[in-house]
Amino acid sequence: MMTMSTSATMGAETYAEPKTKTRNLSLDRARTFLTLVVLLHHAVIPYTYFGHTDPKFFFGFDMIVLATDSFFMAMFFFLSGLFAWSGIARKGAASYLEDRIRRLGIPFVVCAFTVIPIAYYAISLRNDPEIGFSQFWWTTITKGPWPSGPIWFLWVLFAFDLIACLLYRLRPNLLDPINRLSVRGRRRPAEFFAVMLAVSAAFYVPGLMYFGPSSWFEFGPFSVQHGRVLLYATYFFFGAGIGVANMDRGLLSAEGRMAKVSWEWLVLAIVPYCLLWVLIFIKREILGNPSPLPNWYEGIYALNVTVFSVAIMFLILAFFQRFRQSGSAMLLDPMQSAAFGMFLVHYPITLWLQYWLFDYNLPAVAKALTVFVLTVIFSWGVTAALRTIPGATRVL
């Protein structure tokens with residue numbers, strides 16, 4: 001049990017002004033790795049059974065997309081949340097939100113009017129080769145549909161930041177229980193895993209059963225999947241709870257036990273992932289792809305997604321903690337400063353590469369590999385060029 005003096009000390013540390021610390025390379029590498037996962041996800045979608053917008057497809061890409069779609073955006077919210085509560089405490093709500101408007105709001109607006117129309121123009125040309133870009137852009141902005149592509153993440157994250165500011169003003173110690181759980185998680189990460197899994201399932205499973213997997217809120221370029229928004233909020237605030245205080249001595253401590261049990265996280269991820277494929281087989285071959293799917297099916301599917309999502313996140317974090325001195329992990333370091341910009345600009349590059357490769361009689365693997373490699377190279381190069389603009393590094 002925690003002694004009274006230890007508890008008081010932790011409480012004082014919680015509300016003390018956070019000290020400036022060196023960057024956590026493990027988290028930076030995890031974030032950069034996730035950015036590459038996003039690029040890979042979008043590179044292979046047309047060559048899957050599910051997407052299959054190209055004549056060629058490869059079943060292995062379905063395996064990739066099922067895995068990535070089940071965890072990567074939730075993990076992005078978790079990583080973003082790590083610095084939210086402490087950032088509000090250090091800067092104050094007004095300054096923190098001003099920073100988030102610059103970092104999230106400006107990129108969202110700019111991308112919604114430029115990057116996204118350029119990306120979807122490639123798809124529009126496939127359906128109507130005669131349409132000009134100006135006509136397509138004006139129709140998209142004024143009449144719609146105005147898809148958001150991957151930038152929906154920006155406005156949803158800003159909404160969570162805004163909610164965090166309001167909650168902090170009302171109750172600064174709201175996330176202390178999560179922080180205490182994180183401190184215990186240094187020695188007992190399974191306890192944190194179990195609580196996060198239970199809370200995530202409680203918010204995600206009912207939502208998916210009610211809304212289904214294909215229901216989206218859409219208003220102009222503002223969109224988010226109904227069934228997942230509470231899951232994303234859960235990840236964000238669990239991350240924020242870890243970041244309240246003692247992050248270097250809690251679950252994500254470099255000397256913690258989490259990284260030492262990485263193989264257990266692998267098993268916990270593989271089992272529900274395999275069960276997802278069993279459920280997909282049942283849906284297609286036994287149930288006959290009904291729409292809507294039975295509630296029992298949606299509930300079991302959502303539960304397995306939840307277990308897989310939390311487990312694969314723990315696995316990735318454990319890997320980058322355990323091998324923080326590894327040369328292979330260090331390969332991500334040069335890309336770290338460009339990762340956010342690559343996330344913002346990669347989508348039109350990916351879609352136009354897929355458009356140009358559509359008519360070539362190449363294997364799906366060759367097409368996807370070409371798209372992925374060139375997307376990484378071009379989006380990195382474009383970001384590097386944009387960052388030379390005065391003031392751009394404050395946004396990108």
Side-chain angles (χ1 to χ4, degrees), residues 2 4 6-21 27 73-106 108 152-185 191-192 194-207 210 217 219 222 224-252 306 310 313:
M2 186 180 296
M4 185 177 297
T6 304
S7 177
T9 300
M10 193 179 97
E13 290 176 348
T14 297
Y15 300 113
E17 175 120 359
K19 297 179 181 179
T20 302
K21 298 180 180 179
L27 296 179
M73 296 312 299
M75 187 172 175
F76 265 128
F77 282 110
F78 176 86
L79 292 175
S80 299
L82 287 172
F83 306 97
W85 211 257
S86 60
I88 298 168
R90 184 176 67 256
K91 300 178 181 179
S95 295
Y96 179 79
L97 286 178
E98 180 182 347
D99 178 71
R100 303 314 281 165
I101 290 172
R102 182 173 60 248
R103 185 73 168 170
L104 302 174
I106 293 176
F108 178 81
W152 64 266
F153 169 75
L154 302 181
W155 82 266
V156 176
L157 177 57
F158 179 79
F160 291 163
D161 283 322
L162 179 60
I163 293 170
C165 288
L166 295 174
L167 292 176
Y168 184 86
R169 293 292 298 271
L170 294 173
R171 192 175 176 185
N173 62 345
L174 179 66
L175 300 183
D176 281 10
I178 298 176
N179 193 258
R180 289 192 290 268
L181 189 66
S182 171
V183 172
R184 294 198 301 271
E191 182 180 344
F192 192 99
V195 173
M196 185 172 179
L197 175 61
V199 175
S200 298
F203 281 101
Y204 177 52
V205 175
Y210 181 81
F217 163 81
F219 181 74
F222 298 90
V224 67
Q225 200 169 352
H226 281 122
R228 290 190 177 186
V229 66
L230 291 180
L231 176 70
Y232 298 146
T234 301
Y235 274 68
F236 176 84
F237 283 103
F238 264 93
I242 292 174
V244 166
N246 304 308
M247 191 161 70
D248 57 338
R249 286 180 282 167
L251 179 75
L252 302 180
T306 307
V310 180
M313 183 180 76

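We're numbering straight along the sequence, starting at 1.
Nearest approach of G87 to Y96, heavy atoms of both residues: C-CD1, 3.7 Å. Listed here is the closest heavy atom pair of G185 and L251: O-CD1, 3.8 Å. Shown here for P206 and A201, the closest heavy-atom pair between the two residues is CD-O, 3.5 Å. When all heavy atoms of L231 and S200 are compared, the closest pair comes out as CD1-CB, 4.0 Å. Closest heavy-atom contact between S86 and G243: CB-O, 3.4 Å. Between L175 and G241, the shortest heavy-atom contact is CD1-N, 3.7 Å.
Relative ring orientation between F222 and W155 is described as perpendicular, the plane-to-plane angle rising above 60° on a 0-90° scale split at 30° and 60°. Taking the six-membered ring for Trp and thresholds of 30 and 60 degrees, W152 and F77 have ring planes inclined between 30 and 60 degrees apart. Below 30°, between 30° and 60°, or above 60°: for F160 and F237 the angle between ring planes is between 30° and 60°, a tilted geometry.
With sequence neighbours excluded, no residue forms a side chain to side chain donor-acceptor pair (under 3.5 Å) with E98. Partners of Y210 by ring pair (Phe, Tyr, Trp, His ring centres under 6.0 Å), not counting sequence neighbours: none found. Residues passing the side chain to side chain donor-acceptor pair (under 3.5 Å) test with R169: none are found, sequence neighbours excluded.
Between V199 and F238 there is a side-chain heavy-atom pair separated by less than 4.5 Å.
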Exercise. Go through the steps to decide whether R171 and N173 satisfy the test side chain to side chain contact (heavy atoms under 4.5 Å, CB included), and finish with yes or no.
Key: CA-CA 6 Å; R171 192 175 176 185; N173 62 345; 2.9 Å; yes
Practice problem: Output, in order, the C-alpha distance, side-chain angles, deciding distance and verdict of side chain to side chain contact (heavy atoms under 4.5 Å, CB included) for V310 and Y235. | Solution: CA-CA 9 Å; V310 180; Y235 274 68; 3.2 Å; yes
Quiz item: Is there a side chain to side chain contact (heavy atoms under 4.5 Å, CB included) between D161 and R103 once you walk through the steps?
Solution: CA-CA 12 Å; D161 283 322; R103 185 73 168 170; over 6 Å; no
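Of the inter-residue distances, the one linking L157 atom CG with F108 atom CZ reads 12.0 Å to the nearest 0.5 angstrom. Rounding to the nearest 0.5 Å places CE of M73 at 12.0 Å from CE of M75. One finds the OG1 atom of T306 at 10.5 Å from the CE atom of M196 (value rounded to the nearest 0.5 Å). Summarising the geometry, atom CZ belonging to F236 is positioned 9.5 Å from atom CG belonging to L82; distances are rounded to the nearest 0.5 Å.
Between the side chain of S182 and the backbone N or O of I178, no donor-acceptor pair lies under 3.5 Å.
Aromatic ring centroids of F153 and Y232 lie 6.0 Å or more apart.
Counting non-hydrogen atoms of other residues, nucleotides and ligands closer than 6.0 Å to CZ of F158 gives a total above 12.
Checked options L97, L154, V156; the residue passing with L104 is L154 (criterion: side-chain contact (heavy atoms from CB on, under 4.5 Å)). Under the side-chain contact (heavy atoms from CB on, under 4.5 Å) rule, W85 has a single partner from N179, I242, L167, which is L167.
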